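When a ligand or atom number is given, it counts from 1 through the structure's own listing order. Remember, it's a predicted structure, so these values are computed and weren't measured experimentally.
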Amino acid sequence: MSANIVIGTQWGDEGKGKIIDILASRAEVVVRSQGGNNAGHTVVSNGKTYKLHLIPSGILYPNTLCLIGAGVVLDPKDFIGELNSLHSKGISTDNLKIDPRAHVVMPWHITLDGLSEEFRGNMDIGTTKRGIGPTYMDKYERCGIRVYDLVNPKLLKEKALATGKLKNKIITEVYGGEAFDLDKVIEEYIEYGKVLAPYVDDVSVLTYDANKEGKTIMFEGAQATLLDIDFGTYPYVTSSHPLSAGVCVGTGVGPKMITNIIGVAKAYTTRVGKGPFPTELDDEIGNTIREKGGEFGTTTGRPRRTGWFDAVIVRHSVRVNGLDGLAINKLDTLSGLGNLKVCVGYKKSDGSVIKNFPPTLEGLEDCKPVYETLEGFNEDISSCKNFEELPVACQNYIRRLEELCECKVCMVGVGPDRTQIIER
Ligand code: IMP
């Protein structure tokens, strides 16, 4: 019996999909607890490529129960697209359940995400424009539409009319946009509700019972710690809690259930969207990392910003998530780059060096990264199967990250395939 959490420790896209996929193969239950289709990961299995945004990756294993918790925001149109795509590849979704409390992304949320970003001009956040922020806004304003409403036409009609009228007013009168035909939206979403209805069940109860029965559970995080609404680089963050604690709230289970929390980091750093990035490389090395690492977004295709490993942010993640272990991905990308730099602290304008990630953007603006230079490596490490097989420089790099981040490195990724992982 175990309940493992896999969480991102940087700004997302750390290769969580791969670690999740490996752990999902050993899990009997896989749970997603926050975010929406702003997330995305690609899983390659038996020569077929699956792009998943909402459905937990455990779906590729026929006996794994896959759960979407109350903390997720669900775009039914996209969700059904994902269902159909899986069915067309012969994957069954009979073991998939969605909590009735999860909030529904309505079309006006997507429109408002785009309009508000446009309105902000160069103060925009660089969102994925999937309606995530506006859906969470309604949730916390207590006027959202939930999955339970979606599968009950009378409730859907009532709630969509009430909130839709207000959204239309905002869209037309504040932003000068085009109003939605509410009857048409309701008609369309009633049909989505019919498809979703068989999947609705209480995910809190299902997870609790599975744990009582001694099943192995994996909670798959979406986005990452530095995108957390409170502990990330606010306001350049997402609107949920991609932290280990967010898993409990977003699923409806207590923290004592959790046995192991794994944080995933890349051997360097990337970020999509706007916001601070102290170790960003705006040079040839940054371009090489982007090209070699294939650093282009799964959801939006945007080129990712790239930079050196920042031990300050990962140590912040170790603390706020209570990490038991780190999985360091894409070490192979660093081969041939020459000496490697790692950020060990931030220097402020008064000359002092800080080790803890500053709580505010203003505090961060006053910081310059302090680097330590480590020996690089040129070997192809993609077929290394255990830690001792790695070049000494690689081993030293990982050991130094462990010291700086104050957390054991339990996995090292040396290539894209699910077999290219060294477990320690
Ligand atoms: P939103 O989640 O679409 O509101 O976007 C807010 C910020 O989070 C933007 O900078 C996005 O690029 C970023 N973001 C959201 N989801 C992901 C993800 O899965 N990986 C990386 N960045 C993400």
*asked:* Does the structure place the NZ or CZ of K89 under 6.0 Å from the centre of the six-membered ring of Y50, at an angle of no more than 45° from the ring's axis?
replied: yes
*Answer yes or no: is there an ion pair linking D113 with K129, defined by an N-O contact shorter than 4.0 Å?*
no
*Under 3.5 Å, N or O to N or O, is D13 touching ligand 1 that way?*
yes
*For W11, does its backbone N or O pair with a side-chain atom of Q223 as donor and acceptor, under 3.5 Å?*
no
_Nitrogen or oxygen of S239 less than 3.5 angstrom from that of ligand 1_ = no
*Point-to-point distance, once rounded to the nearest 0.5 Å, from CG of D324 to SG of C407*: 7.5 Å
_Pairs of nitrogen or oxygen atoms closer than 3.5 Å, one from Q223 and one from ligand 1: do any exist?_
yes
_Pairs where residues 402-417 contributes a residue and the test side chain to side chain donor-acceptor pair (under 3.5 Å) is met, not counting sequence neighbours_ = R315-E406, R400-E403, E402-R424, D417-T419
*For atom 3 (O) of ligand 1, what is the nearest protein heavy atom, given as residue, atom name and distance?*
T128 OG1, 2.6 Å
_Between T225 and Q10, a side-chain donor and acceptor under 3.5 Å_ = no
*Quick check: does R302 get an N/O under 3.5 Å from an N/O on ligand 1?*
yes
*Nearest non-hydrogen atom to atom 7 (C) of ligand 1 belongs to which of V237, D124, T270?*
V237
*Can you find an N/O atom of T238 closer than 3.5 Å to an N/O atom of ligand 1?*
yes
*Any sub-3.5 Å donor-acceptor pair from T64's side-chain atoms to L60's backbone N or O?*
no
*asked:* Please work out, at 4.0 Å between heavy atoms, whether the side chain, the backbone, both, or neither of V272 comes within that distance of ligand 1.
replied: both
*What's the shortest distance from atom 9 (C) of ligand 1 to any protein heavy atom, and which residue and atom give it?*
G126 O, 3.2 Å
*What residue and atom, counting heavy atoms only, is the protein's closest point to atom 8 (O) of ligand 1, and at what distance?*
L227 CD2, 3.6 Å
*asked:* Any salt bridge linking D99 with R101? Criterion: basic side-chain nitrogen under 4.0 Å from a carboxylate oxygen.
replied: yes
*What part of W11 sits under 4.0 Å from ligand 1 if we count only heavy atoms: the side chain, the backbone, both or neither?*
backbone
*Non-neighbouring partners of P369 that pass side chain to side chain contact (heavy atoms under 4.5 Å, CB included), sequence neighbours left out*: T279, C343, Y371
*Which bit of D113 gets closer than 4.0 Å to ligand 1, counting heavy atoms only: side chain, backbone, both or neither?*
neither
*For atom 5 (O) of ligand 1, closest protein heavy-atom neighbour*: T127 CA, 3.3 Å
